[in-house]
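Keep in mind that this is a model prediction, so the values were computed, not measured. The chains referred to below are lettered A, B, ... by the order of the sequence lines, with proteins before strands, and numbering in each begins at 1.
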Amino acid sequence: MSNATQPTAEPDERVKEISAFRKALIRPELGGIVGTVAVFTFFLLFAADSGMFTSQGVMNWSVVSAQFVIIAVGACLLMIAGEFDLSVGSMIGFAGMMIAIFSVSYGWPVWAAILTTFVLCVAIGAVNGLIVVRTGLPSFIVTLAFLFILRGFTIFLPQTIERKTIIGGVTDVAEGDWLAPVFGGKIFKGFFTWLGENGLIETFERGTNTGKPVVDGIPMLIVWAILLIVFGHVLLTKTKFGNWIFASGGDAEAARNSGVPVSKVKILMFMFTAFCATVFAVCQVMEFGSAGADRGLLKEFEAIIAVVIGGALLTGGYGSVIGAALGALIFGVVQQGLFFAGVESSLFRVFLGVILLGAVILNTYIRRIITGER
Amino acid sequence: MSNATQPTAEPDERVKEISAFRKALIRPELGGIVGTVAVFTFFLLFAADSGMFTSQGVMNWSVVSAQFVIIAVGACLLMIAGEFDLSVGSMIGFAGMMIAIFSVSYGWPVWAAILTTFVLCVAIGAVNGLIVVRTGLPSFIVTLAFLFILRGFTIFLPQTIERKTIIGGVTDVAEGDWLAPVFGGKIFKGFFTWLGENGLIETFERGTNTGKPVVDGIPMLIVWAILLIVFGHVLLTKTKFGNWIFASGGDAEAARNSGVPVSKVKILMFMFTAFCATVFAVCQVMEFGSAGADRGLLKEFEAIIAVVIGGALLTGGYGSVIGAALGALIFGVVQQGLFFAGVESSLFRVFLGVILLGAVILNTYIRRIITGER
Amino acid sequence: ASAASAEGERYVLVSHAPDSDSWWNTIKNGIALAGEQMGVEVEYRNPPTGDLADMARIIDQAAASGPDGIITTLADFDVLKGPISNAVASGIDVIIMNTGTGEQAREVGALMYVGQPEYDAGYAAGQRAKDDGIGSFLCVNHAIQQPTLVERCQGFADGLGIELGESMLDSGVDPAEIKNRVMAYLTANPDTEAVLTLGPVSADPTLLALEENGMAGAIYFGTFDLGEEIVKGIKSGTIKWGIDQQPFLQAYLPVVIMTNYHRYGVLPGNNINSGPGFVTADGLEKIEEFAGEYR
Amino acid sequence: MRNIEKHFGSVIALAGVSFDVRAGECHCLLGDNGAGKSTFIKTMSGVHKPTAGEIYFEGKPMHFEDPRDAIAAGIATVHQHLAMIPLMSVSRNFFMGNEPERKVAGIRFFDKKHADAVTVDEMRKMGINLRGPDQAVGTLSGGERQTVAIARAVHFGAKILILDEPTSALGVRQTSNVLATIDRVRKQGVGVVFISHNVRHALAVGDRFTVLNRGKTLGTAKRGEISPEELQDLMAGGQELAQLEGSLGGTV
Amino acid sequence: MRNIEKHFGSVIALAGVSFDVRAGECHCLLGDNGAGKSTFIKTMSGVHKPTAGEIYFEGKPMHFEDPRDAIAAGIATVHQHLAMIPLMSVSRNFFMGNEPERKVAGIRFFDKKHADAVTVDEMRKMGINLRGPDQAVGTLSGGERQTVAIARAVHFGAKILILDEPTSALGVRQTSNVLATIDRVRKQGVGVVFISHNVRHALAVGDRFTVLNRGKTLGTAKRGEISPEELQDLMAGGQELAQLEGSLGGTV
Ligand SMILES: Nc1ncnc2c1ncn2[C@@H]1O[C@H](COP(=O)(O)OP(=O)(O)OP(=O)(O)O)[C@@H](O)[C@H]1O
Ligand SMILES: Nc1ncnc2c1ncn2[C@@H]1O[C@H](COP(=O)(O)OP(=O)(O)OP(=O)(O)O)[C@@H](O)[C@H]1O
Ligand SMILES: [Mg+2]
Ligand SMILES: [Mg+2]
């Protein structure tokens, strides 16, 4: 405003110029990018000969990271919309259990079990969202309640129906189902066999699989992770709805006054988070063939950690899906890398905590340095 | 201001009068009081003959509630000061383990082990607080990191030192120590013996304790709980520092501008929370004689739940120690009461979640009805 | 509640397991069946997070509710001896099951002990593996905070006569993480000769991991406790042996013994070791049918 | 708008207020603190639903369920507490709730290029040169933010523009700029509702003046029918002010 | 205060400002948005530490580490964004940071009775009848809150009272009340620093006027030495304003 009446504004002499390079750096992803580079450099230096970067090793941490990505994308969008969800882990356990109960105990076709579970879980997500939006309670409390409620049912239901807390045999009933491979299958199998035959990747030297390539395809889990990243990123940055997500998290009142349907946005994001959790659960059940009452424990924290490492603000209104995905990658690589590097495994938690703290402080520091904010 | 220039202000005709009774109800404790009455009525109706209200039964849920109280008081003051601490559970495990390592593995006198542990844990609390205050990061993230770090050490240290994750034998080394009974002892033993001898409470019927009363004293745990309630309540409502706690949580910036040393208040509250967690741990170790890596799991949530049921605002600046203590009492009574009532134990979590949600919605509703806030 | 021959006695079984631990399912089924057959009421209690201090409170609580008997594990002698001896002193009969030793059971005043001493079981397994020529191993521990599981690994290592050291992997309970951690460990330590898992939670994903990295059948694989997948693994030869501690018996027998004791005053003179029994590929049919339910 | 009433629990914020705006005029709404001005315009813009009373727009009765309805009907509001998200870029804020879209392969995308171009252009018209359309609103000064909010309202072809105390935090230069904008907008045929505590600002641009007091209208006056002193007395609710003013020189 | 400079990262908010206040006078600090007024008084009240320059108080150089030091020295500040906690009671807010204490058995307790009595009393002096001292500040109107803040500053025997735009959100009646308070306080021998955008408010109570522009002082004038028009021109930074004012009638 200080130059309001001058048609050509002169640069404000009180502000030192900010270079284009610095400006390019003002992105929520920055911390994630720096972290990813650091982590890979570290492990390339210290664990290069542990098999971490063989095709099998790469697949190993890719799968773990992909898992984190799937829940992190949901948690990221929800966090940007200003809420968060502590019931993700319980939702994973619950969704898996429902699929197993529907398909194994009740003998439904697997596709019907999967679709019903999706509907059910997304509806629970909507209930979460509705309660938060209607009562104005912090989502911490509401979703904490659902953390307990869903976990309780996950233990109680199979106990009453099947008298066990692990329900197996999903692999058998999923045989020949058209929907199951979408979650549990692998793609590009032919390509990898070809690679193996031509000696481009290692093949097994002993055991039952001798001669087959060590990596025989890309698991659908990774495909889902990539799809969700693309979807989330496009939704957030390239669409009207994405603008609304930012607005709802940045200042719900202001957004509402400007005509953004804040409640709808928040509820939809709760539903999307539930959807991601269910994708996670279905992939897991299809891969392992069983559902257990202990699945998904602490996953809510892991999702939040990945998102925060990826540069999002816990308070909402700021963040990026790419950042969250990088956060999940860092998380996965560090976790598996520590095992490759042979670090005492009970120290894993200590490292996790230190890295979380380090990444968040780094993120904040970078953001402040660059934006000049205090 | 609308009556600014009139020496005697007439009542504002736009505000309906609020009765003195209603005004008396505008207290953060209200939800807790209503809840306590409801819970006791419920169990008196449905579990009266299950032994829940025998002297032994009363002692049982009192002790459990006292445990919750000890951590809830710390969490309550911290929450009112505008922060919260997810590392309480891990701190409990860590503190217990340190005492056991110092006293059993290293053979220090027990009093020295206890005091060193207190110093160590309160220092860790201070570090938590310092990081939060200095970096301005949300305490959720910082204390989440410490949740992992402390738990990691609690598993790693005994593993390296003693090659097990549980260290026992503290009772033996604590024999004759002057400080140990302050945490692990019982008081009013004589009184209870007298009660037993006069048939006022049941006595044991066989075994080595025949003739002794089933409840032979008030455990120090309960004494500590009461002391902490009194201390916390007086500190919060009757002192200058209490005013600062409210101010720091209500609006840190405004408080700072008015001369309240906000950073100091917050750090001290983190230290107090750590202190409470350590009291919890020491009582536990002294009572049971061993420390395990699994101690205190999820206790941080239980503390937060008790505080929130007790009417405090998760966002800070509002709440009461009495409320938090009532929240802890409700929590303890419900948890043990469900066992007494013979409810399927896997449903316990479902109840917990539903009660949490119900209590919080009730609290908010009461607060709004009464204050007329929208 | 002395030995009167009235029907409808009430017993409470208290375990130390967090309520997501699937192995305890067999126990629940065992007490349910015994309760049905004997015409007694049996309740199952456990600390939701597996916190042993909470378990002590539950034993106190169970005692206060005045049952005829309590059946409990002795996961940590220090923590549990107080509450158990108090229960005994207030006239409640106690039988120790699953974890603990006969000696500890006697010390707290329990009637008897039914179960499998964990360290001994691990030790026996270790000796067996040593006889099969094993010199190094990986122990996949899915609940490292639980002392009993660490004892199994420790026993196995001592049985082999080697240091436990870094052979014990803190795997967590998530199947994907277990699978990938096992694969990571085996990639980084390719000369590992044996894998030991401590129950279905860690065994199932480990099976998948071995299938995927081609070591299935090639590596020496033993496990504690049975489950559907484990039985299949034993059948297919991927798993050499499973140590069956027969949880069904640990749950069923105490109820039956206690009931008969209360009704007719009869009591076996000795502790009962329900395990370790090694289950191998021979004679798997019944096991196959009931794995995870009664086995 | 007729007989609007609004109660919050035990607080009666509006006790029957009638009010109208015509195209091309600036109608000033004046009143004490807590008189209900903000509440009234929040009712007009769909944020609150009136407890009683009706809203007519272009002759038709309207029911605004939420602010989107009011915006769609052509009522744009710049709220007292700004409707801007500090962490979002200027152009995203500018188009918040009215995002331009572009179809690519049947999917509708946010048309960022268009949004950026329009934003820079509109802001330049208002005399503000942005560092770039991606600059976060949080880095703008209060006056600049106010201008973005007004520019936004004007751009979306509002038929009625409501400004709730737009000048209270602004310096003289910024204020005169806002007043000039109001003038320009009014000349384009938009009806403006201008809320202020400052009699002089109101007199500078207002065509009609309505004074609210304790949730009721004290009446409406046309420009020229009323002197600044009378208006000021009305706003303050009467004589009480006089003696104070005497000692201070009547310059409030 | 001499040559105060303050930089925030790449932003130079104050580029050397000198300023002084005397007991019993009201010194007005005027200036555009973003001129650095708030920053300047935050430096005076110990919220920020100056990047360069010195503060003298009663002839002695002072170093304020935090607001407590400034308050202890007798500098009371009512900040632009109020220093009140909405959820706390009026009396607790009133005494925030200056809690009265009473010794019982050697332990110092917060003297609630005293605090309540003083609060009710002081507020009555200011013309506000509280429902009770326990009423939450959040339920007061903006004007009432402002009054609490001023009453608090005056009560604690401030030697210098700094008011940062106390009138910007207030109605005419509330404004005149605040101005009257300033007048009263000044007559008690307290030095007042009054910040405003409103030339008329400033002229009503000010003894001297300092105009800040882009972090620098444009000079100080005594009451009577300068006309409202000159002052306004100074604040706006020169001629640019004139043409606009013409069309609007010069009444900003
Ligand atoms: N959400 C709400 N809940 C309860 N009371 C409210 C709410 N919003 C406004 N009020 C009350 O309604 C009355 C009118 O408030 P409003 O904000 O409309 O006044 P205003 O005329 O805009 O005042 P100002 O000039 O200070 O902006 C006030 O007494 C206020 O306390
Ligand atoms: N904490 C901060 N970090 C970075 N820049 C700041 C900070 N505080 C103020 N500034 C900048 O310093 C300059 C002066 O701000 P200040 O708030 O002192 O202005 P002011 O004169 O009080 O304006 P107003 O009249 O709008 O209140 C502005 O450009 C502002 O953006
Ligand atoms: Mg208003
Ligand atoms: Mg300012």
Option passing side chain to side chain contact (heavy atoms under 4.5 Å, CB included) with B/Leu144 (candidates A/Leu352, A/Leu356, A/Val360) |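 Testing B/Leu144 for a side chain to side chain contact (heavy atoms under 4.5 Å, CB included) against A/Leu352, A/Leu356, A/Val360 leaves exactly one candidate, A/Leu356.
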Step by step, work out the side-chain contact (heavy atoms from CB on, under 4.5 Å) result for A/Thr364 and B/Thr135.
-> CA-CA 8 Å; A/Thr364 322; B/Thr135 61; 5.9 Å; no
Kindly compute the distance separating [atom1] ([X]) from [atom2] ([Y]), expressed to the nearest 0.5 Å.
X        : Y        : atom1 : atom2 : result
A/Ile141 : B/Ile304 : CD1   : CD1   : 7.5 Å
A/Leu347 : B/Ile149 : CG    : CD1   : 11.5 Å
A/Leu86  : B/Phe301 : CG    : CZ    : 5.5 Å
B/Phe348 : A/Ile155 : CZ    : CD1   : 11.0 Å
B/Arg151 : A/Arg349 : CZ    : CZ    : 8.0 Å

Is it the backbone or the side chain of [X] that comes under 4.5 Å from a heavy atom of chain A, or both, or neither?
X        : value
B/Phe351 : neither
B/Ile355 : neither
B/Ile131 : side chain

At a heavy-atom separation under 4.5 Å, does A/Ile361 approach chain B through its side chain, its backbone, both, or neither?
->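 Both parts, backbone and side chain.
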May I ask you to test the B/Phe156-A/Val350 pair for a side-chain heavy-atom distance under 4.5 Å?
->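 No; the side chains remain at least 4.5 Å from each other.
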If you count heavy-atom pairs under 4.5 Å with chain B, which of A/Leu313, A/Thr315, A/Val308 comes out on top?
->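 That would be A/Val308.
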Compare every heavy atom of B/Ala145 with every heavy atom of A/Leu357, then report the nearest pair and how far apart it is.
->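 That closest heavy-atom pairing would be CD1-CB, 3.9 Å.
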More than 12 heavy atoms of other groups within 6.0 Å of A/Phe153 CZ =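 It does not: A/Phe153 CZ has 12 such atoms or fewer within range.
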Return the orientation label for the B/Phe140 and A/Phe140 ring planes: parallel under 30°, perpendicular over 60°, tilted otherwise.
->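 Taking A/Phe140 first and then B/Phe140, their aromatic rings stand perpendicular (interplane angle over 60°).
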